[in-house]
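What follows is a set of notes on a single structure, which appears directly below.
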Amino acid sequence: MAVTSNWCRCTSCHAGYGWKDKSFDFAVEKIDCLVCHDTTGTYKKFPTDCGYPPLKDKVFAGKKLFKAVNLAYVAQHVGYSTRESCGKCHFFSGGGDGVKRGDIDSTLIAPPKKIDAHMDAKGLNFTCATCHTTTAHEIDGRHYDTPAPGKRELALPRYEGHLVKCEACHGTRPHRPEKKLFDWRLVKLNDHTDRVACQTCHIPLYARGLPTNTYWDWSTAGRFKDGKPIVKMGPLGRPEYHTKKGTLKWGKNLVPVYRWYNGTYSYLLPGEKVEAGKDPIVLIKPNGSPEDPDSRIFPFKPHFGKQPYDPVNKLMIVPKLFGPKGSGAFWAEFDWKKAAAAGMKAAGLPFSGKVEFVETVYYHALSHMVAPREDALKCAACHVRQGGRLASISGVYLPGRDRHVELDKIGQTLCLIALLFVSIHGVARIIIALKRK
Amino acid sequence: MKQKLYLYTRFERLWHWTQAFLIIFLLLTGFEIHGSLEIFGYEKAYLWHVYAGMALVILTAFAIFWHLTTGAWRHYWPVKEKIPQICYYYLVGIFRGEPHPFEKRPDQKLNPLQRLAYLFLKLVLFPLQFVTAFLLLSYQWWPALGISASFRKVAYYHTAGAFAFLFFLIIHVYLATTGKPWYSHLRGMILGWEEVELR
Ligand code: HEM
């Protein structure tokens, strides 16, 4: 799945006006300011209009009315971005509330402290921009600069405008005793920050607000019942089956997976050959290793799926989803072969005519929904012999999980022999003593 | 004939039993950190292990001072005599009701085998455990201290030391019951006075 050939749907968020195809020129007057700086809440973009808001009342998908936007009113009420204005796109990435990320959804408009210790509406009340500081409209994050800008250290005294790293506000040894002079436990927590990311301990579970999509099987999409599309709701209030999308699985309060991560990813690019094997094809993989001092053990949401694949050319297929009838678009004709041919043509890639479906996975780093301190991970979540959260992390000595197996065997054997020897010796002494009596 | 001897001063007894408690506690918490036991919970096990370890270091510092100033270190000076006889006694003689080949006296409280064992403990095991513990605790400052070691290996040595302590403890506790009657050594270590057979 990719933006190519689906421009007008995807660019309804990926900000600009009239981003219809590859040749979009990113000129200033085509950048949508209002989507971020509207404070009235009435500015909404029409989902399939290439990023334009509706200028007269319009109905989306036959159901939802999008009222005409009064641009003059909105323009007179611009202001700083709010969680709501950022969230208009970011809460809905993946096509619905919380679908894609699992750590950003509409509960962040006014979250309780349990869900987000910083954006807590009754507490710190951070906006997105408190952390995502901007310098000349370049929003701090992984997308303008990769990895995200700023050093992993206290931003004071030499403030360079970057706060997106936790350490920028909290420092590299963030745990300080409040009442006592000294607390060894906090010293030890601080010792972890060179290898374990803050997020790993402070985001114990993701999708704590709304359910997030964990598995997306496109292969079953396109079924109809009596000629009508099917939408079957699951227990979490999200569709289990949707004619346009296929079979979907959802989850709430999920345990992340952990990987070494240096703030960058490797992407499987359209047109890159890939062999389909037993394991899912990794579309987006975090980079990092224990040898790299800038890597940390970081929490991720794995997003699994089943996507179209060309077994002859060994390419992931970029299908055309969105478009009118006759264009080959899947959501108009529900034919994967046509959608694949149209999509691959638009992307300038070869297509053999064969469509198979393969398991895929990509990883999403989690940095939001930082839980309050009392919910941070407990030692034993990681320091256990089996089944710990970091069971698959290599390159560190993790006491309680790791040991020298032979050393343990020798030690145990010698101690057991000693125990056995003194037991026999003792029993013999008792028997002899009883006999003498 | 039996005679009551004052073998262990108040400081020695206090030191001995505090040390015994600390080492057993360090073994329990240490093997919980190691992942072999589950008693206190990881966090408490870790914290209390470190606190107990510090207490043991301080206690040991006092004990070294005491041994040097009172000259009691001489009790640990190794001697060769009678080692084979003592081994024979524990393997055979003890079952035949023979007397212990070594006579306890206030100026030589420890038999040659004990001297060797305790000297090994004091010169090898305690330093090993303390040095590795210091390294484990300070690994954040290794670069600043100019130390280059592998955390993993240091932890292995500390674990090996722990097994050695456990091994020692098993034998030591058992041998403490080999007096006549069986509790006489224990009573001596608690009250200071021990009844000793004179020949
Ligand atoms: C009789 C003395 C001691 C015994 C039997 C003992 C035993 C143990 C054991 C079995 C472990 C687990 C090792 C692992 O799995 O990696 C451990 C860890 C540890 N011990 Fe000790 N220990 C003793 C003395 C000390 C002392 C004096 C200190 C210093 C205050 C200390 C500090 C530590 C620390 C910091 C750890 C955690 C290090 C790690 O990550 O392995 N220990 N100990």
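Chain A is the first sequence line, chain B the second, and so forth, proteins listed ahead of strands; every chain is numbered from 1.
- Heavy atoms of B/Ile94 lying under 4.5 Å from chain A belong exclusively to its side chain.
- Closest non-hydrogen pair, B/Thr177 versus A/Arg429, comes out as O-NH2, 2.7 Å.
- The choice from B/Gly97, B/Ser36, B/Ala164 that makes the most heavy-atom pairs within less than 4.5 Å of chain A is B/Gly97.
- Looking at every heavy atom in both residues, B/His34 comes nearest to A/Arg403 through CE1-CB, 3.6 Å.
- In terms of heavy atoms, B/Thr159 sits closest to A/Asp408 at CG2-OD1, 4.2 Å.
- Annotation for B/Phe163 and A/Leu407: closest pair CE1-O, 4.2 Å, computed over non-hydrogen atoms.
- Within a 6.0 Å sphere centred on CZ of B/Arg187, other residues, nucleotides and ligands contribute 12 heavy atoms or fewer.
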Margin query: Between A/His425 and B/Phe95, is the ring pair (Phe, Tyr, Trp, His ring centres under 6.0 Å) condition met? List the steps.
Written below: CA-CA 9 Å; A/His425 200 277; B/Phe95 299 113; 4.9 Å; yes

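- For CZ of A/Arg373, the number of neighbouring non-hydrogen atoms (other residues, nucleotides, ligands) closer than 6.0 Å is 12 at most.
- Counting non-hydrogen atoms of neighbouring residues, nucleotides and ligands closer than 6.0 angstrom, the OH atom of B/Tyr157 reaches no more than 12 such neighbours.
- The residue among B/Phe167, B/Tyr156, B/Tyr90 with the most heavy atom pairs within less than 4.5 Å of chain A is B/Tyr156.
- Within 6.0 Å of the CD atom in A/Glu178, the count of heavy atoms belonging to other residues, nucleotides or ligands does not exceed 12.
- Residues B/Gln140 and A/Asp191 share a closest heavy-atom pair of NE2-O, 2.8 Å.
- For chain B, the option among A/Gly426, A/Ala418, A/Cys379, A/Gly400 with the highest count of heavy-atom pairs below 4.5 Å is A/Gly400.
- In this structure, the portion of B/Tyr139 lying under 4.5 Å from any heavy atom of chain A is its side chain and not its backbone.
- Around the CH2 atom of B/Trp77, the shell of radius 6.0 Å holds no more than 12 heavy atoms that belong to other residues, nucleotides or ligands.
- Heavy atoms closer than 4.5 Å to chain A are found in the side chain of B/Tyr51, but not in its backbone.
- At a 4.5 Å heavy-atom cutoff, A/Gln386 makes no contact with chain B through either its backbone or its side chain.
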Next item on the list: Show your reasoning for whether side-chain contact (heavy atoms from CB on, under 4.5 Å) applies to A/Trp184 and B/Tyr46.
Entry: CA-CA 10 Å; A/Trp184 185 255; B/Tyr46 175 74; 3.2 Å; yes

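- Interface residue A/Val422: backbone and side-chain heavy atoms are both found under 4.5 Å from chain B.
- The 12-atom threshold is not exceeded at CH2 of B/Trp182, counting heavy atoms of other residues, nucleotides or ligands nearer than 6.0 Å.
- Contact count against chain B (heavy-atom pairs under 4.5 Å) is highest for A/Pro399 among A/Pro399, A/Ala428, A/Ser423.
- Ion pairing between a basic and an acidic side chain is recognised when a charged N comes within 4.0 Å of a carboxylate O; A/Lys378 and B/Glu43 show no such pairing.
- Atom OH of B/Tyr88 has more than 12 neighbouring heavy atoms from other residues, nucleotides or ligands inside a 6.0 Å radius.
- By the 6.0 Å contact criterion, CD on B/Glu38 is open, its count of non-hydrogen atoms from other residues, nucleotides or ligands being 12 or less.
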Next item on the list: Check the pair B/Leu47 / A/Lys188 against side-chain contact (heavy atoms from CB on, under 4.5 Å), numbers first and verdict last.
Entry: CA-CA 9 Å; B/Leu47 288 180; A/Lys188 196 75 300 187; over 6 Å; no

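- Taking OH of B/Tyr42 as the reference point, atom SG of A/Cys382 lies at 10.0 Å (rounded to 0.5 Å).
- Rounding to the nearest 0.5 Å places CZ of A/Phe421 at 13.0 Å from CD1 of B/Ile170.
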